[in-house]
Chemist: 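This is the structure I have questions about; it appears just below.
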Amino acid sequence: MYGAIFATHEHRKVLPELEGAAGGVVMRFAPNPSGPLHIGHARAAVLNDAYVKQYGGTYILRIEDTDPKRVDPDAYETVREDIRWLGLGITETVTQSERLPLYYDLCRQLIQRGGAYVCTCDTERFKELKMAKTACPCRDQPVEKNLDLWAKMLDHRFAEGEATVRIRTDLNHPDPAMRDFPAFRILDSPPHPKVKAHVYPLMNFSVVADDHLLGVTHVIRGKDHIANTRRQRFIYDHFGWKVPVYRHYGRMGIEGVVLSTSQMRNGIREGTYTGWDDIRLGTLRALARRGIRPEAVKNAVLAIGIGETDISFSWDNLYSENRKLVDPVANRYFFVPDPIELHISGAQSRTAHALLHPADEKRGVRTLPFTGSVVLPAAELADRSRSLIRLKDLFNVSVEHDHAHPHLTYTGDSLADARAAKAPIVQWLPADCQTPCTLRTPDGDIRGVCEPVVKTELGKVVQFERVGFAKIDAISDDGVMAYFTHK
RNA sequence: GCUGCUAUAGUGUAGACCGGCCAAUCAUGCGGGCCUUUCACGCCCGCGACUGGGGUUCAAAUCCCCAUAGCAGCACCA
């Protein structure tokens with residue numbers, strides 16, 4: 001009977017079926033190690049994860065680090081941590097920079113098949129030809145020459161920009177983006193942090209190579225990859241490989257936070273942000289720091305699904321998911337923002353007991369010794385029409401405003417009286433039993449005081465009664481630093 | 001500009017492939033009520049949408065066409 005109290009009876013929508021998935025799937029999450037994961041990554045990561053769980057199979061983490069310009073050496077570990085936090089069922093991990101020889105070999109095979117050629121044209125020149133649907137001179141070189149040029153590329157006989165491998169597609173393709181797109185490039189700098197190389201595969205090549213080599217059966221990715229899917233099909237066709245099943249979800253707008261890795265990095269360097277977990281950022285670690293549970297992120301993302309429509313991410317929905325998780329477990333405490341200290345006339349000293357959780361008496365109580373004076377939120381006294389206030393778990397007081405100074409007088413213990421008078425029930429703290437507490441919100445810090453026992457909740461999410469949920473972020477001589485989670 | 005995708009309440013989502021059971025689902029949000037020593041949780045009630053216009057049909061949110069809007073791609077990034 002008691003077990004039912006916290007049960008959520010909501011039936012979760014299942015994701016739409018994927019064709020050809022009945023016998024199990026092989027899927028992958030393929031981030032680029034340029035920084036920590038954010039909500040946008042979480043969508044791809046969680047959706048793929050959910051399908052692997054739904055059909056059974058393997059879930060590959062593939063680190064796509066084939067662009068040394070966009071690799072942050074720290075991100076290899078950062079990404080792993082974020083994935084661990086999300087609780088993804090990764091069964092295998094591969095790193096593309098360790099697989100360069102594989103791509104080189106496949107490239108040679110593709111050239112032999114006539115599916116690719118080495119182009120030594122100037123970029124701008126090629127672009128003009130492409131727009132004019134005209135072949136560049138390199139396109140008709142014999143296979144032998146292409147193989148020779150490819151060997152020279154690997155031999156570092158070309159400098160950056162002097163040679164590139166292109167996939168032979170269809171120069172008359174109506175979409176210029178499809179026409180003989182590049183597959184390998186030469187990069188003299190920066191050096192790759194993990195491997196010594198100068199010839200790098202471009203995403204469309206390495207992705208096809210790995211999806212095939214790793215046996216990936218289904219790919220869920222954003223619709224910004226639709227053109228890539230189409231390009232990749234040319235490579236599959238050249239090799240005669242089986243194409244995975246693709247699904248492209250729509251663009252997701254996320255308001256109020258910074259998601260751009262470069263913007264975040266600059267902001268951190270310049271001191272605008274305190275770090276990757278600054279609450280103004282949309283990183284998973286920022287959410288974690290604020291007290292958002294990974295399951296809430298998962299649930300919110302699954303509810304969004306894989307629709308192709310562009311959507312805007314709803315913080316309300318995420319908060320709602322998180323509240324369901326956190327409300328049953330968060331202990332309750334008093335936090336008095338903007339406190340003003342007042343003496344209460346006519347009251348005897350006594351000790352108040354307040355439940356740590358209203359639905360679970362067994363968890364016990366907090367004790368608040370009242371000795372004559374209390375602090376109350378200034379906002380509660382701003383309304384001068386209020387004549388009666390109940391201090392939660394203590395007693396009722398009448399309020400009289402003598403000019404700017406409110407005077408409180410004890411009027412009784414009866415909860416019924418307070419209810420009858422429709423008196424607000426507010427949080428308070430004994431004047432001599434409180435700890436400074438800062439509540440950090442996206443709109444700025446709120447200074448106040450909280451119960452001293454909050455110090456025992458370090459790292460946990462609590463609920464400040466009538467204020468909202470907060471994660472206890474740090475304890476110091478200055479008091480408690482709490483991060484506002486949501487109402 | 002070229003190529004393509006999408007269009008259901010404030011937000012997200014179901015229904016659309018196989019027209020009728022859809023005067024359109026669920027969640028969130030908002031409003032009201034109940035419960036309650038929190039403005040939390042829970043429960044109840046309510047608000048709120050098929051982008052527009054044509055067409056096909058006995059019947060269209062669902063199929064077709066046009067318009068409009070949004071988005072994506074057109075990188076030697078992923």
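Naming convention: chains lettered A, B, ... in sequence-line order (proteins, then strands); numbering from 1 in each chain.
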Chemist: At less than 4.0 Å, is any side-chain N or O atom of A:Thr309 found next to OP1 or OP2 of B:C71? Yes or no.
Modeler: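 Checking B:C71 against A:Thr309, no side-chain N or O comes under 4.0 Å of OP1 or OP2.
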Chemist: Under 4.0 angstrom, heavy atoms only, what part of the nucleic acid is A:Ile226 near: base, sugar-phosphate, or nothing?
Modeler: nothing
Chemist: Categorize A:Asp393 for me: base, sugar-phosphate, or nothing, with a 4.0 angstrom heavy-atom threshold over every strand shown.
Modeler: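 Base: the residue A:Asp393, judged by heavy atoms under 4.0 Å, touches a nucleobase.
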Chemist: Looking for any heavy atom pair under 4.0 Å, which part of the strands does A:His225 touch: base, sugar-phosphate only, or nothing?
Modeler: base
Chemist: Under a 3.5 Å limit for both distances, which nucleotide forms a Watson-Crick or G-U wobble pair with B:C71, could you say?
Modeler: B:G4
Chemist: With a non-hydrogen cut-off below 4.0 angstrom, is A:Glu162 in contact with a base, only sugar-phosphate, or nothing?
Modeler: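 No contact.
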Chemist: Which one, B:U37, B:G10, B:C39, comes nearest to the side chain of A:Arg419?
Modeler: B:U37
Chemist: Using a 4.0 Å heavy-atom cut-off, does A:Gln427 contact any base of the nucleic acid, only the sugar-phosphate backbone, or nothing at all?
Modeler: nothing
Chemist: Flag this pair as yes if the NZ/CZ of A:Lys69 is under 6.0 angstrom from the six-membered ring centre of A:Tyr200 and inside a 45 degree cone about the axis; otherwise no.
Modeler: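 No, A:Lys69 does not sit over the ring of A:Tyr200.
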Chemist: Check if the side chain of A:Glu380 and the base of B:C39 share a donor-acceptor pair of N or O atoms closer than 3.5 Å.
Modeler: yes
Chemist: Tell me whether the guanidinium CZ or amine NZ of A:Arg366 lies under 6.0 angstrom from the six-membered ring centre of A:Phe334 and within 45° of its axis.
Modeler: yes
Chemist: Looking across every strand, which nucleic acid part, if any, lies under 4.0 Å from A:Pro358 by heavy atom: base, sugar-phosphate, or nothing?
Modeler: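 The answer is base, as A:Pro358 lies within the cut-off (heavy atoms under 4.0 Å) of a base atom.
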Chemist: Would you mind telling me which of B:U13, B:C71, B:U38 lies closest to the side-chain atoms of A:Ile304?
Modeler: B:U13
Chemist: Report yes if a side-chain nitrogen or oxygen of A:Arg251 is closer than 4.0 Å to either non-bridging phosphate oxygen (OP1 or OP2) of B:A72; otherwise report no.
Modeler: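 Yes, because at least one side-chain N or O of A:Arg251 sits under 4.0 Å from OP1 or OP2 of B:A72.
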Chemist: Would you classify A:Thr66 as touching base, sugar-phosphate or nothing, given that sugar-phosphate means primed atoms plus P, OP1 and OP2, and contacts are heavy atoms under 4.0 Å?
Modeler: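 Counting heavy atoms under 4.0 Å across all strands, the contact made by A:Thr66 is with sugar-phosphate only.
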Chemist: Could you measure between the two C1' atoms, the one in B:G4 and the one in B:G15, and give it in whole Å?
Modeler: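 Per the computed distance, 26 Å lies between those C1' atoms.
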Chemist: Using a 4.0 Å heavy-atom cut-off, does A:Lys487 contact any base of the nucleic acid, only the sugar-phosphate backbone, or nothing at all?
Modeler: sugar-phosphate
Chemist: For the side chain of A:Pro174, starting at C-beta, report the closest nucleotide among B:U3, B:C74, B:C39.
Modeler: B:U3
Chemist: Nearest to the side chain of A:Asp327, heavy atoms from C-beta on, is which of B:A78, B:A72, B:A40?
Modeler: B:A40
Chemist: The side chain of A:Glu465 lies closest to which of these nucleotides: B:A78, B:U28, B:U38?
Modeler: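 Shortest atom-to-atom distance from the side chain points to B:U38.
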Chemist: At under 4.0 Å between heavy atoms, what does A:Gly250 touch on the DNA or RNA strands: base, sugar-phosphate, or nothing?
Modeler: nothing
Chemist: Cation over ring, A:Arg166 on A:Phe126, under 6.0 Å and within 45°?
Modeler: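 Verdict for A:Phe126: a cation-pi partner in A:Arg166.
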Chemist: Do the side-chain N or O atoms of A:Arg323 get closer than 4.0 angstrom to the phosphate oxygens (OP1, OP2) of B:G29?
Modeler: yes
Chemist: So, applying side-chain contact (heavy atoms from CB on, under 4.5 Å) with A:Ile111, which one of A:Leu149, A:Asp148, A:Asn146 is it?
Modeler: A:Asn146
